[in-house]
Amino acid sequence: MSSPYEDFDLYTYFVELVKQIPEGKVASYLEIAKALGDPVAAVSCAYMQSELREAQNVPLHRVVRASGELGGYKTIEEVRGDTARLRDEGLTVRSGKVKFVDSHRFTDFETEYPLEKMKGEQEKLSERVSMDDDFDEDLIGAVDVSYDGRKGYAAFSYAEDDEYISRNRSMDANFPYIPGFLFYREYRFIKQLARNFGGTLLIDGNGLIHPRFFGLASATGVFLNKATIGVAKSLLLGRVKHNWVLYRDRKIGYVLNRNTIISPGHRISVDSSVDFMIGKYNHVYPEILKIAHNSTVKLRREQTKILEAS
DNA sequence: GCGACAG
DNA sequence: ATCTTGTCGC
Ligand SMILES: [Mg+2]
């Protein structure tokens, strides 16, 4: 295993934290996120709560917004159910909002702060990224994942002769989307599909453009020893000057067009990734990434149709 | 009101 | 990322 945390199940960790909240008390998404190790994950906690709504014996209703309002993308019926549960436990709830005092807030979580450890891991792993050019300019593949709740549908596509080939894979994600932690969510899918690919991999996301200079494209490149380039559709961080993406005095990427931002993953430099992408795709979003994306959407639609019928 | 964050 | 019909433009 290349990373001790690459298979880390944050949904399970979230559940274990929620189980620590005693009857009659509540915790906010922000408090849970802090216990996970990074306040940026607050919104992701609301998503996890929503995606875990079917879970049994987990007091998910005890997680509310800091304001006391019931969040987590609930339906009207779910708000009713949670209101009744909270009232049963002795709390006052009026129009979807818990009226509570400080003594009702649970903050004393027992935790190892996994996200903090992962940030440390990313910083360490970033030292293993190579910026020395060692990439195939002709054989290009692409990967992407789409989702229905926790269920992820992945595709790996590449061009052979004059046709596109795609392979798929679907499984549950064990990590939510958290900005700066995409690799813990999507790398598992990519690994399953592209492990044996010999070409250069385009990845829907960033490489060097990352708070710790170790985005999904960097992780994929380092772990699978492949040349990778991150191709994002929006800017995660940094400022743009003459199309170059600058961050902490470093040139980390390039804006190919309004919706295409590239950064090196592994085995390629910033300048070479720009030269290569402009030479190959001429400032246009790479078709192979669209092929991979469309394949994930098609698979998801087919599968959700089948799942609904059964 | 601030800040704004890949997928 | 996802929710979603028709509609505008090439
Ligand atoms: Mg994607």
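Order of the sequence lines sets the chain letters (A, B, ...), proteins ahead of strands, with each chain counted from 1.
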Measure [atom1]/[X] against [atom2]/[N] and give the value in whole Å, please.
X	N	atom1	atom2	value
A/K119	B/dC5	NZ	P	16 Å
A/I190	B/dG7	CD1	C1'	11 Å
A/Y73	C/dA1	OH	C1'	12 Å
A/Y47	B/dC5	OH	C1'	12 Å
A/L182	B/dG7	CG	P	8 Å
A/Y247	B/dC5	OH	C1'	11 Å
A/F181	B/dC5	CZ	P	16 Å
A/D144	B/dA6	CG	P	15 Å

Whether A/K191 and A/E6 form a salt bridge (side-chain N of Lys/Arg under 4.0 Å from carboxylate O of Asp/Glu) is what I want to check.
yes

Under a 4.0 Å N-O cut-off, is there an ion pair linking A/R53 with A/E78?
yes

Using nucleotides 2-9 of chain C, report all nitrogen or oxygen pairs with the protein that are shorter than 3.5 Å.
unit_1 : atom_1 : unit_2 : atom_2 : d
C/dT2  : OP1    : A/R300 : NE     : 3.0
C/dT2  : OP1    : A/R300 : NH2    : 2.5

Test of understanding: clusters of I, L, V, M, F, W, Y form through side-chain heavy atoms closer than 4.5 Å, transitively. Do A/V40 and A/L10 belong to the same one?
yes

Would you kindly confirm whether A/Y285 and A/I262 end up in one hydrophobic cluster when ILVMFWY residues are joined by side chain heavy atoms under 4.5 Å apart?
yes

Quick check: does any side chain N or O of [X] sit under 3.5 Å from a backbone N or O of [Y], one acting as donor and the other as acceptor?
X	Y	answer
A/T220	A/L216	yes
A/T296	A/A155	no
A/E23	A/P59	no
A/D38	A/A41	no

Using side chain to side chain contact (heavy atoms under 4.5 Å, CB included) as the criterion, point out the one residue from A/L86, A/I21, A/L70 that pairs with A/V26.
A/L86

Partner residues of A/N174 under the side chain to side chain contact (heavy atoms under 4.5 Å, CB included) criterion, sequence neighbours left out
A/D9, A/R150, A/R188

For DNA chain C, find the residues of residues 214-243 of chain A with a heavy-atom distance under 4.0 Å and give them by number; none if there aren't any.
A/K233

Just the dot-bracket of DNA chain C, please: which string comes out with Watson-Crick or G-U pairs under 3.5 Å, [ ] for crossing, | for another strand?
..........

Give the C-alpha distance, both sets of side-chain angles, the deciding distance and a yes or no for side-chain hydrogen bond (donor to acceptor under 3.5 Å, both in side chains) between A/S130 and A/R267.
CA-CA 5 Å; A/S130 169; A/R267 286 165 49 171; over 6 Å; no

Which of residues 250-277 of chain A sit near DNA chain B, with a heavy atom under 4.0 Å from it?
none

Can you confirm if the aromatic rings of A/F183 and A/F181 lie within a centre distance of less than 6.0 Å?
no

Pi-cation contact, A/F197 with A/R167 (under 6.0 Å, within 45°):
no

Establish, for the pair A/R250 and A/F213, whether the NZ or CZ atom is under 6.0 angstrom from the six-membered ring centre and no further than 45 degrees off its axis.
yes

Which string of ( ) [ ] | and . matches DNA chain B, if you list each base 5' to 3' and count Watson-Crick or G-U pairs only when both distances are under 3.5 Å?
.......

Categorize A/Y184 for me: base, sugar-phosphate, or nothing, with a 4.0 angstrom heavy-atom threshold over every strand shown.
nothing

When all nucleic acid strands are considered with a 4.0 Å heavy-atom cut-off, which category describes A/N206: base, sugar-phosphate, or nothing?
base

Whether the A/S170 and A/Q303 side chains hold a donor-acceptor pair (N or O, under 3.5 Å, no angle test) is what I'd like checked.
no

Does any donor atom in the side chain of A/Y29 or A/Q49 lie under 3.5 Å from an acceptor atom in the other side chain?
yes

